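What follows is a single structure, written as structure tokens, with notes after it.
Given the structure is predicted, the values throughout are model-derived calculations rather than measurements. The residues of the chain are indexed from 1 along the displayed sequence.
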Amino acid sequence: LWRRSIKEHFDYTCVYCGKTYDLHQLSIDHVNPRSRGGEDITTNVVCACKRCNQMKGSQHWQEFMRDTFGFNALRESVVLSHIG
């Protein structure tokens with residue numbers, strides 16, 4: 001249930017690429033990966049399309065976004081405002 005609420009919170013939009021998807025096309029991504037000490041809490045998870053989630057892997061979210069899509073202040077602010 002909490003996974004669905006995260007997807008609703010982000011209006012079914014991938015925080016990384018900015019595209020909108022159907023519910024089943026989205027996944028939940030740990031901004032700070034658990035493999036790097038990230039917690040399994042709502043302020044550490046965002047809505048991501050399956051492609052972006054897979055490509056990001058355990059890379060730092062901001063590094064991934066900039067390497068893949070270039071600098072996008074709006075997309076980055078969406079993540080930063082959620083993770084605090």
Side-chain angles (χ1 to χ4, degrees):
L1 192 59
W2 67 271
R3 290 176 178 272
R4 184 184 189 109
S5 67
I6 292 293
K7 294 172 185 180
E8 289 173 355
H9 173 78
F10 289 102
D11 200 25
Y12 304 100
T13 302
C14 174
V15 297
Y16 302 123
C17 68
K19 294 179 184 175
T20 302
Y21 294 88
D22 290 331
L23 178 68
H24 70 279
Q25 295 173 305
L26 293 166
S27 61
I28 300 298
D29 182 55
H30 289 82
V31 178
N32 182 21
R34 291 185 294 174
S35 63
R36 291 187 173 190
E39 296 181 70
D40 199 20
I41 57 176
T42 56
T43 55
N44 188 43
V45 294
V46 293
C47 183
C49 69
K50 293 176 182 179
R51 180 177 176 265
C52 283
N53 196 350
Q54 183 178 18
M55 288 180 7
K56 177 183 165 279
S58 62
Q59 188 176 14
H60 185 275
W61 70 271
Q62 196 172 46
E63 181 181 314
F64 164 72
M65 286 181 69
R66 290 181 179 182
D67 287 350
T68 308
F69 306 107
F71 175 72
N72 185 319
L74 175 61
R75 301 286 355 125
E76 290 188 20
S77 70
V78 168
V79 177
L80 288 170
S81 67
H82 180 71
I83 64 175

Could you pull out all donor-acceptor pairs under 3.5 Å where a side-chain atom in residues 32-39 meets a protein atom, sequence neighbours excluded?
unit_1: Arg36; atom_1: NE; unit_2: Ser58; atom_2: O; d: 3.1
unit_1: Arg36; atom_1: NH2; unit_2: Ser58; atom_2: O; d: 3.3

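Scanning for ring-ring contact (aromatic ring centres under 6.0 Å, His included) contacts around His9 gives His82, with sequence neighbours left out. A search for salt bridge (charged side-chain N to carboxylate O under 4.0 Å, His left out) contacts involving Arg3 returns nothing, not counting sequence neighbours. Not counting sequence neighbours, Thr43 has no partner by the side chain to side chain donor-acceptor pair (under 3.5 Å) test. Partners of Asn44 according to the side chain to side chain donor-acceptor pair (under 3.5 Å) rule, which considers only residues two or more places apart in sequence or in another chain, do not exist here.
At distances below 3.5 Å, at least one donor-acceptor pair connects side-chain atoms of Ser27 with backbone N or O atoms of Ala48.
Rounding to the nearest 0.5 Å gives a distance of 11.0 Å between CG of Asn53 and SG of Cys17.
Within the structure, every pair that satisfies the salt bridge (Lys or Arg N to Asp or Glu O under 4.0 Å) test and touches residues 62-84, not counting sequence neighbours, is listed here: Arg66-Glu76. Within the structure, salt bridge (Lys or Arg N to Asp or Glu O under 4.0 Å) pairs that include any residue of residues 50-59 comprise Asp29-Lys56 (at least two apart or interchain). Among residues at least two apart or in separate chains, there is no salt bridge (Lys or Arg N to Asp or Glu O under 4.0 Å) pair with a member in residues 9-25.
Here Val46 is tied into one hydrophobic group with Trp2, Ile6, Phe10, Val15, Tyr16, Ile28, Val31, Val45, Met55, Trp61, Phe64, Met65, Phe69, Val78, Val79, Leu80, Ile83, each link being a pair of ILVMFWY side chains closer than 4.5 Å. The other residues sharing a hydrophobic cluster with Leu23 are Tyr12, Tyr21, Leu26, where clustering joins ILVMFWY side chains under 4.5 Å apart.
A 6.0 Å sphere centred on CD of Gln25 holds more than 12 heavy atoms belonging to other residues, nucleotides or ligands.
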